[in-house]
2 protein chains.
Amino acid sequence: MSDCIFCKIAGGEIPAKVSYRDEEMIAFDDISPKAPVHVLIIPREHLATLNDPGPEQEGLLGRMMTRAALIAKERGVAESGYRVLVNCNPDGGQEVFHLHLHLIGGRKLGPMA
Amino acid sequence: MSDCIFCKIAGGEIPAKVSYRDEEMIAFDDISPKAPVHVLIIPREHLATLNDPGPEQEGLLGRMMTRAALIAKERGVAESGYRVLVNCNPDGGQEVFHLHLHLIGGRKLGPMA
């Protein structure tokens with residue numbers, strides 16, 4: 001997936017403000033934040049959309065969710081509140097076709113859709 | 001958790017338009033839909049917020065995510081697009097304190113926060 005910007009971030013070819021990385025995922029600040037806290041959590045594996053994971057990726061998806069909650073705690077928004085979301089395909093507003101979770105917090109959030 | 005409305009829905013004490021159920025989760029239509037498709041996916045286990053799952057619930061969380069994608073496909077919005085999200089605590093807009101995923105689609109969605 002040589003043209004995927006998120007694969008390049010995961011591979012270190014494009015710089016990002018990375019706050020977490022392990023063998024299966026990385027987390028970094030969104031370059032166009034919609035709130036004081038706006039972190040993206042992506043799998044290293046290239047999966048285009050949320051339609052793509054199968055049973056073999058369910059553990060990974062769950063770990064990405066709990067990682068989002070842990071990052072929310074680190075950023076001090078776990079108790080005030082936050083939103084974790086995945087946009088899929090055009091109606092969902094997906095812009096980069098490498099699966100990613102948005103973690104958004106640090107202010108009172110607006111409508112969810 | 002006798003006062004939890006989602007526990008009561010999971011237990012069949014309160015009716016809901018249930019579209020999926022298994023031993024660990026159920027899915028049902030949101031009674032105040034924000035879009036043509038608005039389904040909630042909840043674990044049967046009472047977990048108040050996304051801050052609560054630990055490593056032992058990661059598989060469940062991942063299966064809830066892939067279930068959301070499967071329901072999106074059943075409802076005909078997998079390709080047009082949808083959003084899957086969790087609101088946590090007040091700033092996130094959480095209203096019922098039993099962990100739930102929102103699956104929202106069927107129209108071009110607005111800003112995510």
Side-chain angles (χ1 to χ4, degrees), chain A residues 30 32-38 43 47 49-73 76-95 97 99 101-113, chain B residues 30 32-38 43 47 49-73 76-95 97 99 101-113:
Chain A
D30 194 296
S32 180
K34 304 298 186 292
V37 174
H38 191 164
L47 300 160
T49 80
L50 189 59
N51 293 329
D52 296 313
E56 66 278 16
Q57 280 99 10
E58 286 169 345
L60 167 65
L61 282 175
R63 290 186 289 277
M64 290 169 63
M65 295 290 282
T66 54
R67 178 57 51 191
L70 289 168
I71 294 170
K73 190 173 180 185
V77 300
E79 299 310 318
S80 53
Y82 59 91
R83 181 172 293 156
V84 176
L85 66 98
V86 179
N87 295 324
C88 181
N89 279 334
D91 275 4
Q94 184 171 7
E95 292 179 349
F97 283 79
L99 176 64
L101 299 188
H102 294 264
L103 162 64
I104 303 176
R107 64 168 170 81
K108 181 73 177 168
L109 302 181
M112 56 188 158
Chain B
D30 194 295
S32 181
K34 304 298 187 291
V37 173
H38 191 164
L47 300 160
T49 80
L50 189 58
N51 292 329
D52 296 313
E56 66 279 14
Q57 280 99 10
E58 286 169 344
L60 167 64
L61 282 174
R63 289 186 289 277
M64 290 169 63
M65 295 289 282
T66 54
R67 178 57 52 190
L70 289 169
I71 294 170
K73 190 173 180 184
V77 300
E79 299 310 318
S80 53
Y82 59 91
R83 181 172 292 157
V84 175
L85 66 98
V86 179
N87 295 324
C88 181
N89 280 334
D91 275 3
Q94 185 172 7
E95 292 179 350
F97 283 80
L99 176 65
L101 300 188
H102 294 265
L103 161 63
I104 303 176
R107 64 167 170 81
K108 181 74 178 170
L109 301 182
M112 56 189 160

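Throughout, a chain's letter reflects where its sequence line sits, starting with A, and its residues are numbered from 1. Scope of the values below: all heavy atoms of this structure, side chains included, with no hydrogens, waters or symmetry mates.
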Item to check | Side-chain (B:Arg83) to main-chain (B:Gly110) donor-acceptor, under 3.5 angstrom | outcome: yes

Next on the checklist: Looking at chain B, which one of A:Gly81, A:Gly106, A:Ala68 has the largest number of heavy-atom pairs inside 4.5 Å, strictly under?
Outcome noted: A:Gly81

Checklist entry - Within the distance-only criterion (no hydrogens, no angle test), does the side chain of B:Arg107 pair as donor or acceptor with the backbone N or O of B:Lys34 below 3.5 angstrom? => result yes

Item to check | B:Leu50 versus chain A, the contacting section by heavy-atom distance below 4.5 Å | outcome: both

Checklist entry - Quick one: what part of B:Pro111 sits under 4.5 Å from any heavy atom of chain A, side chain, backbone, both or neither? => result backbone

Checklist entry - What part of B:Leu60 lies closer than 4.5 angstrom to a heavy atom of chain A: side chain, backbone, both or neither? => result neither

Next on the checklist: side chain to side chain contact (heavy atoms under 4.5 Å, CB included) for B:Tyr82 and A:Val86? Distances and angles first, verdict last.
Outcome noted: CA-CA 8 Å; B:Tyr82 59 91; A:Val86 179; over 6 Å; no

Checklist entry - More than 12 foreign heavy atoms under 6.0 Å from CD of A:Glu95: is that the case here? => result no

Next on the checklist: If you count heavy-atom pairs within less than 4.5 Å of chain B, which of A:Ala78, A:Gly54, A:Pro53 leads?
Outcome noted: A:Ala78

Checklist entry - What heavy-atom pair brings B:Ile104 and A:Ala113 nearest, and what distance separates the two atoms? => result CG2-CB, 3.8 Å

Checklist entry - What part of B:Glu79 is in contact with chain A, defined as an atom under 4.5 angstrom from a non-hydrogen atom: side chain, backbone, both or neither? => result both

Next on the checklist: With heavy-atom distances below 4.5 Å as the criterion, would you say the side chains of A:Asn51 and A:Cys88 are in contact?
Outcome noted: yes

Checklist outcome for this item: For A:Arg67, the salt bridge (charged side-chain N to carboxylate O under 4.0 Å, His left out) test, sequence neighbours excluded, returns none

Next on the checklist: Run A:Asn87 and A:Leu85 through side chain to side chain contact (heavy atoms under 4.5 Å, CB included) and show every step you take.
Outcome noted: CA-CA 7 Å; A:Asn87 295 324; A:Leu85 66 98; 3.3 Å; yes

Next on the checklist: For the interface with chain B, which of A:Lys108, A:Met65, A:Met112 has the highest count of heavy-atom pairs at distances below 4.5 Å?
Outcome noted: A:Met112

Checklist entry - Given the options A:Thr66, A:Asp52, A:Thr49, A:Leu61, which has more heavy-atom pairs under 4.5 Å with chain B than any of the others? => result A:Thr66

Checklist outcome for this item: Of the listed A:Pro90, A:Pro55, A:Gly59, the one with the largest count of heavy-atom pairs under 4.5 Å with chain B is A:Pro90

Checklist outcome for this item: The interface call for B:Ala35 against chain A, heavy-atom contacts under 4.5 Å, is neither

Next on the checklist: Let's test your reading of the structure: which of B:Lys73, B:Gln94, B:His102 forms the most heavy-atom pairs below 4.5 Å with chain A?
Outcome noted: B:His102

Item to check | Contact leader toward chain A among B:Leu101, B:Val84, B:Val77, where contacts are heavy-atom pairs under 4.5 Å | outcome: B:Val84

